[in-house]
Asks: 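First the structure, then my questions, so here it is.
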2 protein chains.
Amino acid sequence: MNLSPKIEAFVMHFGEMGSRWGFNRTVGQMYALLVINEKPLTANDIATALSISRGNVSMGLKELQSWQLVQVQHQPGDRKDYYCAAGDIWTMAKRVFEERRKREIDPTLTLLRDQLLDTPANDTEAFAQQRMREIHDLLEGVTQWSTELHNMSPETLHKLVKLGSGFSKVLELKDKLVNKS
Amino acid sequence: MNLSPKIEAFVMHFGEMGSRWGFNRTVGQMYALLVINEKPLTANDIATALSISRGNVSMGLKELQSWQLVQVQHQPGDRKDYYCAAGDIWTMAKRVFEERRKREIDPTLTLLRDQLLDTPANDTEAFAQQRMREIHDLLEGVTQWSTELHNMSPETLHKLVKLGSGFSKVLELKDKLVNKS
DNA sequence: ATAAGCTTTCAATAATTTCTGAAAGTTCAA
DNA sequence: TTGAACTTTCAGAAATTATTGAAAGCTTAT
């Protein structure tokens, strides 16, 4: 398994970015490799291509499966597991987005909900709770909104992205028509 | 500087989440502390409250300033720097969002743009480039869209969040009216 | 000029995370 | 039942990241 310079650049870049996207370097590289390869790869192919240990590949694949970003496939008469990137580009984006929401927002929302049930004991706590309320409402909005995104078809998503700067205009339009607020 | 249990829980939680949000534990704690405190704090207040070294606080504040999340203030006749969280909740959210976009998306977009200028040398590279194109277009959409968000007033943002599940309906509405696509 | 009262820097150390590879586990064909 | 062809696990090693604290830098009052 030998990578062309261009493909290598792409894979290595995804490695660098990996940690910023919520997984580690090798997991990033592995995913990139699976995404730009048309054909499914075995765990050994991956280990060779990236010069990492077989054990590390196994861990990485487990991680990618927990993100639902890869799929296992089998070839008839071959005992090996073959891996490939799951779904189209929109599916991938949605999965990463969802997974990150779960890890980055949900736990905080839970904490804030709990804290907001208590009555503040003094002024300091009252102010603190007010801030927590604001953060809570914001995060709840983001969560709802992310559910919305999750349920959109690729076409709608595509439209949304293409909408670009026409976005606030649509909001205003809606305001006028529905005549609320 | 002694924290009440509730406030401590909040601060510690932000510490835990810190790394998922793009900064480290102490930076997360520091920010939480500044957000739930009505009054500005000195670097020493922070060090005491969180039981961390003065040097670490200095580093952390530098980091938070690079995210534009804190402001320095001065009290008349006092040489110390006082710090507080910058802006309201929407400002904070926008700054975190923007900063993360810069770190998580922009570098990849640059790489992809470069790669897409070259002509693929073979079928493998052609397929790879096709994938890169898709990712590029998606990220460009997200970027545009994030600029849009950035320019929205708190009121518009609030409306957007409240819109919740009515969102795709608005999109459809727009489709019918404008009668495009 | 000096020193008091701050803040910042940075080399050394500590803590955490990632990676390796050998051993154990699984599955299947013969 | 054995063993060949895989995969997974996990303890220890390596790499990376965060933290400390002492020293160096500012700035202002005297």
Side-chain angles (χ1 to χ4, degrees), chain A residues 1 11-34 40-67 70-84 103-104, chain B residues 1 11-34 40-67 70-84 103-104:
Chain A
M1 196 74 213
V11 168
M12 292 303 137
H13 176 85
F14 265 60
E16 308 282 293
M17 299 305 284
S19 56
R20 302 190 188 175
W21 278 95
F23 25 76
N24 68 32
R25 181 154 33 92
T26 42
V27 172
Q29 292 175 350
M30 288 173 54
Y31 188 50
L33 192 60
L34 292 173
L41 301 175
T42 66
N44 272 317
D45 291 341
I46 299 174
T48 314
L50 303 176
S51 311
I52 59 179
S53 76
R54 188 58 188 71
N56 200 359
V57 172
S58 184
M59 309 273 239
L61 287 169
K62 213 167 68 175
E63 172 82 0
L64 285 171
Q65 279 174 311
S66 86
W67 285 70
V70 299
Q71 273 177 341
V72 193
Q73 286 186 350
H74 289 99
Q75 316 258 321
D78 187 342
R79 209 120 120 246
K80 290 192 276 299
D81 292 346
Y82 284 80
Y83 296 90
C84 63
R103 296 170 188 222
E104 299 176 2
Chain B
M1 197 75 212
V11 168
M12 291 304 136
H13 176 84
F14 265 60
E16 309 282 291
M17 299 304 285
S19 56
R20 301 191 188 174
W21 279 95
F23 24 75
N24 68 32
R25 181 152 35 92
T26 43
V27 172
Q29 292 175 349
M30 288 173 53
Y31 188 52
L33 192 60
L34 293 172
L41 301 175
T42 65
N44 272 315
D45 292 340
I46 299 173
T48 315
L50 303 176
S51 311
I52 58 178
S53 77
R54 187 58 188 68
N56 200 359
V57 172
S58 186
M59 308 273 238
L61 287 169
K62 212 167 71 177
E63 173 82 359
L64 285 172
Q65 280 174 311
S66 87
W67 285 70
V70 299
Q71 273 177 340
V72 193
Q73 286 185 349
H74 289 98
Q75 316 257 318
D78 186 341
R79 218 128 110 236
K80 291 193 276 299
D81 293 346
Y82 284 79
Y83 295 90
C84 64
R103 297 173 186 218
E104 299 176 2

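Sequence lines set the chain letters: A, B, ... in the order given, protein chains first and strands last, and positions in each chain run from 1.
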Asks: Let me know the distance between CD of A:Gln75 and P of D:dC6, rounded to the nearest Å.
Replies: 12 Å

Asks: So which heavy atom on A:Pro40 is nearest to which on A:Gln75, and how close?
Replies: CG-NE2, 4.4 Å

Asks: Measure the shortest side-chain to side-chain distance between A:Val72 and A:Tyr83 over non-hydrogen atoms and say whether it is less than 4.5 angstrom.
Replies: yes

Asks: Just how far is it from atom CG of B:Leu61 to atom CE of B:Met30, taken to the nearest 0.5 Å?
Replies: 3.5 Å

Asks: In whole angstrom, give the distance that lies between atom CD1 of B:Ile46 and atom P of D:dT20.
Replies: 14 Å

Asks: Can you pull the side-chain hydrogen bond (donor to acceptor under 3.5 Å, both in side chains) pairs that have at least one residue in residues 18-31 of chain B, sequence neighbours excluded?
Replies: B:Asn24-B:Thr26

Asks: Using atom CD1 of A:Ile52 as one end and atom C1' of D:dA15 as the other, report the distance to the nearest whole Å.
Replies: 15 Å

Asks: Roughly how far, to the nearest 0.5 Å, is the CE atom of B:Met12 from the CG atom of B:Leu50?
Replies: 5.5 Å

Asks: Kindly indicate, with the supporting measurements, whether the criterion side-chain contact (heavy atoms from CB on, under 4.5 Å) is fulfilled by B:Leu34 and B:Ile46.
Replies: CA-CA 9 Å; B:Leu34 293 172; B:Ile46 299 173; 4.1 Å; yes

Asks: To check you understand the geometry: which heavy-atom pair defines the closest contact between B:Ser66 and B:Arg103, and what is its length?
Replies: OG-NH2, 3.8 Å

Asks: Whole angstrom is fine here: how far is it from NZ in A:Lys62 over to C1' in D:dC10?
Replies: 10 Å

Asks: Identify the heavy atoms of A:Phe14 and A:Ala32 that sit nearest to each other, and give their distance.
Replies: CB-CB, 3.5 Å

Asks: Would you name the heavy atoms of B:Met17 and A:Glu104 that are closest together and state the gap between them?
Replies: CE-O, 3.3 Å

Asks: Mind running a 4.0 Å heavy-atom check of residues 14-32 of chain A against DNA chain C and sending the residues that fall below it, in number order?
Replies: A:Asn24, A:Thr26

Asks: First and last nucleotide of DNA chain C in contact with chain A, 5' to 3', at under 4.0 Å to a heavy atom: what are they?
Replies: C:dT18 to C:dC28

Asks: Please name the pair of heavy atoms, one in A:Cys84 and one in A:Gln73, separated by the smallest distance, quoted to 0.1 Å.
Replies: SG-NE2, 3.6 Å

Asks: Provide the full list of side-chain hydrogen bond (donor to acceptor under 3.5 Å, both in side chains) pairs with a residue in residues 45-59 of chain A, sequence neighbours left out, each pair given once.
Replies: A:Thr42-A:Asp45

Asks: Looking at five pairs on each end of the helix from C:dA1-D:dT30 to C:dA30-D:dT1, what is the angle between the two axes, given to 10 degrees?
Replies: 0°

Asks: On a heavy-atom basis, which atom in B:Leu33 and which in B:Ala49 lie closest, and how many Å separate them?
Replies: CD2-CB, 3.9 Å

Asks: If a protein heavy atom is under 4.0 Å from the base, mark B; if only from the sugar-phosphate, S; if neither, -; do that for nucleotides 21-30 of chain D going 5' to 3'.
Replies: B-----BB--

